[in-house]
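In this chain, residues are counted from 1 in sequence order. Just so it is clear, the model here is predicted, and its values are computed rather than measured.
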Amino acid sequence: MPTEMTIEAAMIELNRLKTEERMDIDRERLTAAIDVLKDAAQFRIAKNPLRVRQPKDLFGRKVEYRFNCANCNTMLNLHWKFCPECGQALDWSSL
């Protein structure tokens, strides 16, 4: 992608292209807008956190597991619905 495009800019671009009746659509801009929106949509699909074995917590107490984001590997709190680092939706139901 030659230039960074925000989600909002991608939506505006797709709406503009949808309403135009021109046949000479800029395929590069259309592809960039679709790619941005596909990437954004992937974060809305909840993923199971990764279970990571950890011998001790920060206070030296023995802990069996900690959980990390499946997308960016950030350590998670059990009550979070989204990763604070990358925004990935989290699904805790199967853990």
Side-chain angles (χ1 to χ4, degrees):
M1 205 163 46
T3 60
E4 285 297 315
M5 184 180 294
T6 65
I7 295 171
E8 293 80 13
M11 292 294 293
I12 290 168
E13 185 66 21
L14 286 177
N15 284 329
R16 183 185 68 78
L17 291 171
K18 185 172 74 173
T19 58
E20 287 184 2
E21 295 180 9
R22 299 182 334 187
M23 294 303 291
D24 59 336
I25 292 175
D26 185 351
R27 299 260 181 230
E28 186 175 319
R29 289 182 62 87
L30 177 62
T31 302
I34 290 171
D35 288 344
V36 167
L37 294 175
K38 281 181 7 183
D39 290 344
Q42 289 298 318
F43 284 103
R44 300 303 298 167
I45 299 170
K47 291 183 181 177
N48 292 330
L50 302 174
R51 190 182 305 214
V52 180
R53 208 168 213 352
Q54 178 176 323
K56 294 183 179 179
D57 69 2
L58 297 174
F59 302 104
R61 298 176 295 202
K62 188 171 182 173
V63 176
E64 287 190 37
Y65 296 102
R66 72 172 190 219
F67 296 96
N68 288 0
C69 175
N71 189 52
C72 69
N73 210 30
T74 297
M75 192 182 327
L76 302 170
N77 183 316
L78 289 173
H79 302 290
W80 290 340
K81 295 184 190 269
F82 297 93
C83 174
E85 187 68 27
C86 69
Q88 175 66 53
L90 302 170
D91 178 14
W92 296 94
S93 63
S94 65
L95 297 177

Next item on the list: Grab the two heavy atoms, one from A33 and one from A10, that are nearest each other, plus how far apart they are.
Entry: O-CB, 3.7 Å
Check: Quick one: CD on E85 to OG1 on T74, what's the gap to the nearest 0.5 Å?
Finding: 4.5 Å
Tell me which donor-acceptor pairs under 3.5 Å the side chains of residues 40-52 have, and how far apart each pair is, sequence neighbours excluded?
{"from": "N48", "atom 1": "OD1", "to": "S94", "atom 2": "OG", "distance (Å)": "3.2"}
{"from": "N48", "atom 1": "ND2", "to": "S94", "atom 2": "OG", "distance (Å)": "3.2"}

Check: When rounded to the nearest 0.5 angstrom, what distance separates CE in M75 from CZ in F67?
Finding: 12.0 Å
Item checked: For I12, all residues meeting side-chain contact (heavy atoms from CB on, under 4.5 Å), sequence neighbours excluded -> none
Next item on the list: Could you tell me which residues satisfy side-chain hydrogen bond (donor to acceptor under 3.5 Å, both in side chains) with E13, sequence neighbours excluded, listed by chain and number?
Entry: R16, R29
Item checked: Listed partners of W80 passing ring pair (Phe, Tyr, Trp, His ring centres under 6.0 Å), at least two apart -> none
Notebook entry, point to check: So do T6 and V36 actually touch side chain to side chain, heavy atoms under 4.5 Å?
Noted result: no
Checklist line | Residues which pass side-chain contact (heavy atoms from CB on, under 4.5 Å) with K81, listed by chain and number, not counting sequence neighbours | finding: none
Item checked: Closest approach of L90 to F82 (non-hydrogen atoms, all atoms of both residues) -> CD1-C, 3.8 Å
Check: With sequence neighbours left out, what residues match D39 under side-chain hydrogen bond (donor to acceptor under 3.5 Å, both in side chains)?
Finding: none
Margin query: Check for me, please, whether L30 and L37 land in the same ILVMFWY cluster - side-chain distances under 4.5 Å, paths through other members count.
Written below: yes
Next item on the list: Could you pull out the closest heavy-atom pair between N71 and C86, with the gap in Å?
Entry: ND2-SG, 3.3 Å
